[in-house]
Number of protein chains: 2
Amino acid sequence: MASSLERRSGVSLWRQIADQILHSIAVGDFAENAALPPEVALAERYGVNRHTVRSAIAALVQDGVLRAEQGRGTFVLSRKRLSYPIGARTRFSEGLQGQASERRSVLLESAVEPASRRVAEGLGLAKGSTVIRLETRGEADGEPVSRATGWFDAGRFAGIDAAMAETGSVTASFQRFGIGDYLRQSTVLSARHADAADLADLDLQPGAIVLVTIAVNVTPDGQPIQFAETRFPAERVELKLSAL
Amino acid sequence: MASSLERRSGVSLWRQIADQILHSIAVGDFAENAALPPEVALAERYGVNRHTVRSAIAALVQDGVLRAEQGRGTFVLSRKRLSYPIGARTRFSEGLQGQASERRSVLLESAVEPASRRVAEGLGLAKGSTVIRLETRGEADGEPVSRATGWFDAGRFAGIDAAMAETGSVTASFQRFGIGDYLRQSTVLSARHADAADLADLDLQPGAIVLVTIAVNVTPDGQPIQFAETRFPAERVELKLSAL
DNA sequence: TATAGTTGTCTATATCAATAGACAAATTTC
DNA sequence: GAAATTTGTCTATTGATATAGACAACTATA
């Protein structure tokens with residue numbers, strides 16, 4: 001596991017080390033509440049100066065992932081990643097049963113606007129048709145775990161923004177429009193660095209990675225009702241694929 | 001889209017800008033073969049010095065994404081990402097029909113070793129059982145698009161390394177062991193920065209992101225036959241989820 | 001053929017990142 | 001209480017990152 005570091009890559013060594021420590025915690029190499037190897041040992045493992053390791057640790061302490069105690073050691077605080085299921089009947093809150101005690105979806109913003117080409121195609125509308133855009137954040141135990149942008153046909157779903165604000169749930173909002181069940185028609189998955197807006201909304205540190213899903217939800221008879229792009233912080237969430 | 005930059009984050013400004021330009025290309029903000037805004041305009045947009053923008057562009061030119069021509073401008077070269085389907089019958093070569101004319105899987109290394117806890121659980125073996133590990137790289141039109149590590153029960157699949165080297169295909173190798181069909185039992189998806197080994201094997205630049213799938217393949221009657229971790233370069237591949 | 005617009009190169013300076021070494025402060029162990 | 005272990009703080013030096021300004025080289029076009 002001597003994954004070495006890249007110099008003059010534009011990413012500082014301390015950040016690379018911090019990312020690797022985060023990854024080790026997520027993968028389970030360092031157990032929760034366990035002590036990290038001492039700074040001199042980490043410095044030797046990564047082939048860097050002790051001060052460089054200290055910079056990495058300082059960032060993670062600042063982040064609330066580690067706690068350093070003089071004379072004792074440095075300890076892991078972080079909880080492990082959520083495993084978020086994706087399948088034909090993906091619903092935000094249902095999937096996290098048992099993994100987080102409190103989960104909810106917060107409406108950050110809503111807007112009515114003309115559909116871009118991409119959105120229009122996804123929803124099967126003419127380009128420039130009016131759509132409602134909802135910006136939401138998913139939280140589990142008070143921590144942000146997803147950031148979604150969803151588009152809906154404004155003609156068919158007028159007022160869904162209010163319903164969403166009231167119920168805090170897409171599923172419940174759909175029910176008000178007579179849609180009891182819906183399916184995921186397609187999902188495309190990618191990953192990238194979080195942009196500035198997502199850094200702020202998801203409470204991430206610069207350089208963080210987000211998993212991105214682009215999905216179309218349809219009624220059981222195949223009518224598209226929602227086009228959505230969702231960003232998940234890769235350090236906190238993994239996606240578990242089940243039957244589509 | 002004035003996504004601002006984060007200073008003293010451990011990620012240099014030029015790399016953040018390079019990542020944003022890559023993202024803009026991927027999303028379609030900059031069309032293929034089109035000229036980027038001139039350096040002075042980009043510098044103003046990002047609120048940095050022109051030289052900083054030049055560093056970002058230089059990295060992307062080195063990367064083969066952009067081409068700069070003195071006196072004319074800077075142009076987008078990048079081809080679009082492969083869309084790699086994932087479903088119950090995922091096979092490397094089948095999925096890329098029509099997207100790449102030449103595709104193959106190269107065996108990089110094989111080893112016989114005791115199973116780690118993780119691998120043993122995935123394959124339903126006792127921890128420490130002997131397994132065969134195959135390291136492979138997938139290529140499309142000569143460009144690396146995946147990097148997989150697969151484990152197989154050494155008792156049942158003795159010689160699969162030789163079969164793989166000869167046929168260059170997992171599916172064909174399984175057929176020699178009497179397995180005509182197999183299914184994907186589970187897939188867990190995450191993302192992280194590429195480590196040094198993947199950077200080399202996938203011909204990536206430092207800071208690149210990889211999509212990681214961890215999957216178990218089973219025979220139609222549910223017997224696990226392969227445990228695999230596959231890394232896809234996020235800048236070249238997206239994953240399209242279909243029926244599992 | 002000018003001229004405007006663009007990328008390429010150079011010098012200089014300030015700040016961040018990384019290395020190196022020494023020692024202090026706190027905790028645990030013998 | 002003494003020794004060993006570990007984190008915290010300080011000084012100093014080097015290289016990468018970022019800013020600033022000036023001008024050269026090349027291209028397109030009026």
Side-chain angles (χ1 to χ4, degrees), chain A residues 3-21 30 33-77 193 196 205-207, chain B residues 3-21 30 33-77 193 196 205-207:
Chain A
S3 35
S4 56
L5 305 173
E6 301 291 329
R7 288 170 190 261
R8 48 191 104 73
S9 65
V11 182
S12 63
L13 297 181
W14 66 261
R15 174 145 292 283
Q16 292 181 58
I17 293 170
D19 287 346
Q20 290 199 17
I21 291 174
F30 301 142
N33 293 321
L36 251 60
E39 295 170 351
V40 278
L42 287 173
E44 192 169 1
R45 173 191 297 187
Y46 290 116
V48 300
N49 191 273
R50 179 183 156 225
H51 294 294
T52 306
V53 169
R54 282 181 60 75
S55 296
I57 290 176
L60 295 176
V61 167
Q62 183 67 30
D63 227 18
V65 175
L66 300 177
R67 184 185 64 247
E69 295 184 25
Q70 185 169 354
R72 294 193 65 217
T74 304
F75 302 88
V76 177
L77 293 176
H193 286 114
Q205 297 302 110
Chain B
S3 35
S4 57
L5 304 173
E6 303 288 331
R7 289 173 188 257
R8 49 190 100 73
S9 65
V11 182
S12 62
L13 296 180
W14 66 261
R15 175 146 291 285
Q16 291 181 58
I17 293 170
D19 287 345
Q20 290 200 17
I21 292 174
F30 301 141
N33 294 320
L36 251 59
E39 294 170 350
V40 279
L42 287 173
E44 191 169 2
R45 172 191 299 188
Y46 291 115
V48 300
N49 192 274
R50 180 183 154 223
H51 294 295
T52 307
V53 169
R54 283 183 59 76
S55 296
I57 289 176
L60 295 176
V61 167
Q62 183 66 28
D63 226 18
V65 175
L66 300 177
R67 184 185 64 246
E69 295 184 25
Q70 185 169 352
R72 296 193 63 217
T74 304
F75 301 88
V76 177
L77 292 176
H193 286 114
Q205 297 303 111

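In what follows, chains carry the letters A, B, and so on, assigned in the order in which the sequence lines appear, proteins first and then strands, with residues in each chain numbered from 1. No hydrogens, no waters, no symmetry mates; every other heavy atom, side chains included, goes into these values.
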In whole Å, what is the span from the CD atom of A/Q16 to the P atom of C/dA18? 8 Å
Are A/Q16 and A/L13 close enough that some pair of their side-chain heavy atoms sits under 4.5 Å apart? yes
Could you state the atom-to-atom distance from CZ of A/R54 to C1' of D/dT7 in whole Å? 6 Å
Got more than 12 heavy atoms from elsewhere within 6.0 Å of CD, B/E44? no
Interatomic distance where CZ belongs to B/F75 and C1' belongs to D/dT27 [whole Å]: 10 Å
Measure from CD on B/E39 to P on D/dC26 and round the result to the nearest Å. 16 Å
Using a distance-only criterion (donor-acceptor N/O pair, under 3.5 Å, no hydrogens), is the base of C/dG8 paired with the side chain of B/H51? no
Residues, nucleotides or ligands: over 12 heavy atoms within 6.0 Å of B/E69 CD: yes
Which comes earlier along DNA chain D counting from the 5' end, the contact point of A/P38 or that of B/R72, where each point is its nearest nucleotide? A/P38
Walk me through whether B/V65 and B/V76 qualify under side-chain contact (heavy atoms from CB on, under 4.5 Å). CA-CA 6 Å; B/V65 175; B/V76 177; 5.5 Å; no
From CD of B/Q70 across to C1' of D/dC26 the rounded distance in Å is 5 Å
What integer distance in Å separates A/N49:CG from D/dA12:P? 17 Å
Pair B/V48-B/R7, side-chain contact (heavy atoms from CB on, under 4.5 Å): steps then yes or no: CA-CA 11 Å; B/V48 300; B/R7 289 173 188 257; 4.0 Å; yes
Scan A/V48 against the nucleic acid and name what it touches under 4.0 Å (heavy atoms): base, sugar-phosphate only, or nothing. sugar-phosphate
Just the rounded figure in Å: distance from C1' of C/dA17 to CG of A/L13. 8 Å
What contact category does A/T74 fall into here, base, sugar-phosphate, or nothing, at under 4.0 angstrom with non-hydrogen atoms? sugar-phosphate
Looking at the base of D/dG8, is there any donor atom on it, or on the side chain of A/R50, that sits under 3.5 Å from an acceptor on the other one? yes
Closest-nucleotide ordering on DNA chain C, the 5'-leading residue of A/S12 and B/I57: B/I57
For D/dT19, take OP1 and OP2 only and decide whether either is under 4.0 Å from a side-chain N or O of B/T52. yes
A/W14 CH2 to C/dC16 P: how many Å, rounded? 12 Å
Quick check on C/dA17: is either OP1 or OP2 less than 4.0 Å from any side-chain nitrogen or oxygen of B/R7? no
